[in-house]
Every structure is written in C-alpha cells, then in structure tokens.
Amino acid sequence: MEHIIQNIKRKLNIIGNDYVLHRALKKSIQVAPTDISVLVLGESGVGKEFIPKIIHQFSYRKHSPYISINCGAIPEGTIDSELFGHEKGSFTGANKMRKGYFEEANGGTIFLDEVGELPISTQIRLLRILDSGEFIKVGSSKIQKTNIRIIAATNLNMQNSIQNGKFREDLYYRLNTVEITIPALRFRKNDIRLLIKKFAHDFSERYNMPFIQFTEESIQYLEEYPWPGNIRQLKNVIEQISVVEIKRKIFLDKLKEYLPNNIPSITHSPQSHYENIFSNFSNNEKDFLYQLLFDIKSNLNNLKKLIFQWIKKDDIFLKKNKHLIETIFGNIFHSSISEKKYDSIYQLINSSSSSSLSKNNITVKNNELNSFSLQHKEVEFIQKALIKHRGKRKQAAKDLGISERTLYRKIKQYGL
C-alpha cells in the first residue's frame, strides 16, 4: 500500500508525508473499487480535488468520463440545466436541446466541489439520482437513467447548514457514506519545508529566474504561521516573492511583508485535535491510536440513527436501558437520570456526524434492541406531536426536532 501511495503522490504531484494525509490517500484507494458515495471534507485550499481523481483512477470506471464541477461557481438559475440538461424552448435562450453533466458522464464519475452551495431544488434532483439513478431534464417530462458515481466535497460545516435549512439532511447522509478528511496545512508543519522547496523550484523554472532561498528563521516563521488559506495561500506567497524580490535570499523582515497581520480565527477540527495530541508518538503508535479513535467514532455514528428517537422522547426506554446507554456514552450518566443529562446526551448525539448502520462496526445484544420498532416509535412520536399542537405541522416539526418538509414527507409516508 505504501508503494502505491508514493506512486500516486508522484503522479499527482502531492507533496508531504503527514500521517493524516497518508491515511486519506489510503482510504481513497480502499473505497475506489466500490460505487459507494464519498464526501471529502477540509478547509478551502487543502487540496480536496486530488481525492476524487484517485478514486476514479483506481475504480472500474477509470476508462469512462470524469467530470469535476464547482457548484459554487454556477449561477442558481442555470445550475439545473448544467447538471441535468434541458429541452429546446424550456426557457428563454434555450435554442436547442442540451445534455447535462450527469448524462455526459454516464458510466463515469462526477466530482461535485462545494456541494454545500447547491440550492435546495437542485438537492432534491441530486437525491433522486443517488437513490435511483433517475433524472429529468429541465422542460421535459421524460425520466432518464444514468449510471454515475458521485464524489462530493465541501469546506462548510454541514451540520450547521442542515440546522439552518440550507442543506437537506437526507442528502447529506446519502453523500456521506464514506467521509475522507484532508488536514489543514497548519497541522502539517513538517510538510511546510518540503512545500516551500517545491514551489520555489517550480516558480524558478516557470519564470526563468534564480531559485529563492529562505533563512532558517524565515522557514521557522512559515512553519508556525496558521495559514488560513492553506496550501493555496503558501503557494501564492512563494510565487509573489519569486517574481517581485530582486534579492534571492529572503530574511524574516522581508517575508513578513507578504503575510497578513490580521489572521482570521480558525475553528480546530476534532481530527486536527488528535494530530496535536499524537504529535510525539511513533507512526506505529499513531496508527493504532487513530484506528481506535475512528472505530469509536464509527460506532457512535452508527448508533445515532438507531437510538436517537428513542432516547429523545421515550423515558421508559431510557430508564430501562440505562446500563446500555452508559456503556455507549461513557460517563455522561453517573447517578439518576436528570433533565441536564438528557440535554448532554442530545447535544452529543446531534454534534456527531452520522453514517448508515453497519453490522460489521458494532454489535448490540438482540434481546435489548429487537423489541423496539423504530418505525413504530417514529409514528407514535409524530402522532403525539400533531395531537399536542392540534395538527399544526410547523409547531409539531419544531417539537420533533425536524424540518416541516421532513414532517410532511413522514405524514405522507405513514399515511397519517
């Protein structure tokens, strides 16, 4: 596997030996032979675009089209036409029929960058493709099929987008079957020196100018800089200095002229937090500890869909299964169940990202959970909320902790 990763890095010009970066590359290779949906997470400028290329190259679709789309760069009024195509005369300016990207890439892979920027109406169309492979062109009534693999990426906090009603929760879970996170540059300090050397060499060749060199003090400053713009920002700084500076040795005072003083605050991700904690561990020790943490997170995520409704509304379930809940959620419970501890559990569950239930990831005693029907409980909660609020869906949805649109869909689904 390590040999394959090194070949990929050479082929795609990926610089760095960071452990989390290598783990992301390894995960990409592992999921490539499947058709599973992948969501790539990471801040702007970290290089998320490499992951879908790797997945496509190592998949059976590698000889079919690969199309990369920046969803944030397409105007909302035309994005449905761009993605799904349109019929002649379907809107002003539609002088002829047009194939969309999903039709053009049939049999291949589509990379949806900045997927969090998609309008809600487009998200509904995308969900249909993920569920059934079906789509309808703008201005048409004919259902078409496409055989496509979707890989998406975003730098947004998707949980916040869901809570704010800007992104559909069901679509998020369909896209996020497998999650791959690319670390920010500030957590790859050991790679910064390599990147500086690579960029300086590249720009020296491109502009036919002498190679720039940084003093040791300057390099240390670059390693400690937080880089809110990540690799893209570092590359731009090296390019500016390569072109502008006459003296090819760069001292700290000169370097600071190219870096902003007012650095925006940065929210640290959990994975970045792990990297800081394990910075002094060997690679073998890191491998074991990361695997342990990710397995724990996976188990917690897989449990969310299974027990969320139960522990949120059903006091009997919570009390009857107190020991099971304690085992799952650690030291949240120490004595009797209180409202404060309820809130702690809800916050923990809501803050964790979710994925589909996997029988391989967690084993729960059948006699403790089989007696509970999730669908039956969901219907019961919806009925109680509707009765409580006299059929007013908006208030009922708020009480249930779901959107009014989701509640309406559930009412139709269960024939309430």
Exercise for the section: For the pair L25 and I51, evaluate side chain to side chain contact (heavy atoms under 4.5 Å, CB included) and give the outcome as yes or no after the intermediate values. Expected result: CA-CA 7 Å; L25 299 178; I51 299 301; 4.3 Å; yes
Practice task
Give me the one residue out of E103, E104, E82 that meets salt bridge (Lys or Arg N to Asp or Glu O under 4.0 Å) with R98.
Solution key: E82
Exercise for the section: State the CD-CD distance between E257 and Q240, to the nearest 0.5 angstrom. Expected result: 11.5 Å
Problem - Heavy-atom pair with the smallest gap, counting every atom of F187 and D18 - result: O-OD1, 3.5 Å
Exercise for the section: Check the pair I238 / D202 against side chain to side chain contact (heavy atoms under 4.5 Å, CB included), numbers first and verdict last. Expected result: CA-CA 10 Å; I238 303 300; D202 288 349; over 6 Å; no
Practice task
Applying side-chain hydrogen bond (donor to acceptor under 3.5 Å, both in side chains), name anything that partners S204, two or more places apart in sequence or on another chain.
Solution key: none
Practice task
Answer yes or no: is there a donor N or O on one side and an acceptor on the other, between the side chain of N176 and the main chain of L39, under 3.5 Å?
Solution key: no
Exercise for the section: Check whether any side-chain heavy atom of I29 sits under 4.5 Å from a side-chain heavy atom of I5, and report yes or no. Expected result: yes
Practice task
Look only at the side chain of Q123 and the backbone of R168, and say whether a donor-acceptor pair between them is shorter than 3.5 Å.
Solution key: yes
Handout entry: Full working for side chain to side chain contact (heavy atoms under 4.5 Å, CB included) between I67 and F102
Key = CA-CA 9 Å; I67 296 179; F102 281 102; over 6 Å; no
Problem - K48 (side chain) donor-acceptor with G42 (main chain) under 3.5 angstrom - result: yes
Problem - Side-chain donor-acceptor contact under 3.5 Å, T78 with S81 - result: no
Problem - K145 NZ: over 12 foreign heavy atoms closer than 6.0 Å - result: yes
Completion exercise
Scanning both residues in full, the closest heavy-atom pair of I15 with R188 reads O-NH2, 2.7 Å
Handout entry: By salt bridge (Lys or Arg N to Asp or Glu O under 4.0 Å) - contacts of E216 (at least two apart)
Key = R193
Practice task
Grab the two heavy atoms, one from A24 and one from S28, that are nearest each other, plus how far apart they are.
Solution key: O-OG, 2.8 Å
Handout entry: pair V237-W227: side-chain heavy atoms closer than 4.5 Å
Key = yes
Problem - Distance in Å, D35 CG paired with I150 CD1, rounded so as to fall on 0.5 Å steps - result: 10.5 Å
Practice task
Can you see which heavy atom on L118 is nearest to which on T122, and at what distance?
Solution key: CD2-CG2, 3.9 Å
Problem - Side-chain touch M97/K137, heavy atoms, less than 4.5 angstrom - result: yes
Problem - Close side-chain approach of T215 to L255, heavy-atom, < 4.5 Å - result: no
Exercise for the section: Would you please say whether a donor-acceptor pair under 3.5 Å links the side chains of Q220 and E224? Expected result: no
Handout entry: N/O donor-acceptor pair under 3.5 Å between H86 side chain and S140 backbone
Key = no
Exercise for the section: Could you tell me whether the side chain of R248 and the main chain of S242 form a donor-acceptor pair under 3.5 Å? Expected result: yes
Practice task
Report yes if some heavy atom in the side chain of E205 is under 4.5 Å from a heavy atom in the side chain of H201; otherwise report no.
Solution key: yes
Exercise for the section: Would you check if the side chain of K235 reaches a backbone N or O of F199 as a donor-acceptor pair within less than 3.5 Å? Expected result: no
Completion exercise
Here the gap from N160 atom CG to F167 atom CZ, rounded to the nearest 0.5 Å, amounts to 13.5 Å
Practice task
Quick one: pull up CD in E117 and CG in L112 and give me the separation to the nearest 0.5 Å.
Solution key: 12.5 Å
Exercise for the section: Please check if the side chain of K166 supplies one atom and the backbone of G116 the other of a donor-acceptor pair under 3.5 Å. Expected result: no
Practice task
Using the test ring pair (Phe, Tyr, Trp, His ring centres under 6.0 Å), find all partners of Y221 that sit at least two apart in sequence or belong to another chain.
Solution key: none
Handout entry: Crowding at CG, N190 (>12 non-hydrogen neighbours, <6.0 Å)
Key = no
Problem - Residues, nucleotides or ligands: over 12 heavy atoms within 6.0 Å of E134 CD - result: yes
Practice task
Run through D191, L185, I182, I192 and flag the one making a side-chain contact (heavy atoms from CB on, under 4.5 Å) with I231.
Solution key: L185
Exercise for the section: Take R128 and F135 through the test side chain to side chain contact (heavy atoms under 4.5 Å, CB included) and record every step on the way to the result. Expected result: CA-CA 7 Å; R128 182 174 184 177; F135 70 96; over 6 Å; no
Practice task
Could I get the full list of side-chain hydrogen bond (donor to acceptor under 3.5 Å, both in side chains) partners for D253, not counting sequence neighbours?
Solution key: none
Handout entry: N106 side chain to N147 backbone, donor-acceptor under 3.5 Å
Key = yes
Completion exercise
The reported gap from CD1 in I250 to CD in E217 (rounded to nearest 0.5 angstrom) is 13.5 Å
Handout entry: side-chain hydrogen bond (donor to acceptor under 3.5 Å, both in side chains) against Y66, all qualifying residues, sequence neighbours excluded
Key = none
Handout entry: Residue pair E49 / N70, side-chain heavy-atom distance below 4.5 Å
Key = no
Practice task
Indicate yes or no for a side-chain donor-acceptor contact from N230 to the backbone of A184 under 3.5 Å, with no hydrogens or angles considered.
Solution key: no
Handout entry: Residues forming a side chain to side chain contact (heavy atoms under 4.5 Å, CB included) with S59, sequence neighbours excluded
Key = H56, R61, R149
Handout entry: Electrostatic pair E239-R206, nearest N-O below 4.0 angstrom
Key = yes
Handout entry: Separation between CG of L171 and CD1 of I162, rounded to the nearest 0.5 Å
Key = 9.0 Å
Problem - Side chain to side chain, M209 and E245, heavy atoms closer than 4.5 Å - result: no
Completion exercise
Closest non-hydrogen atoms of G229 and Q233, given as atom of the first, atom of the second and distance, are N-OE1, 2.9 Å
Practice task
Evaluate whether atom CD of E76 has more than 12 neighbouring non-hydrogen atoms of other residues, nucleotides or ligands under 6.0 angstrom away.
Solution key: no
Handout entry: Any side-chain donor near an acceptor of the partner, R174 and S37, under 3.5 Å
Key = no
Exercise for the section: Heavy atoms only: give me the nearest F111-A153 pair and the separation to one decimal. Expected result: CE1-CB, 3.4 Å
Exercise for the section: Verify, without hydrogens or angle tests, whether S132 (side chain) and I129 (backbone) share a donor-acceptor contact under 3.5 angstrom. Expected result: no
Problem - pair T177-V31: side-chain heavy atoms closer than 4.5 Å - result: no
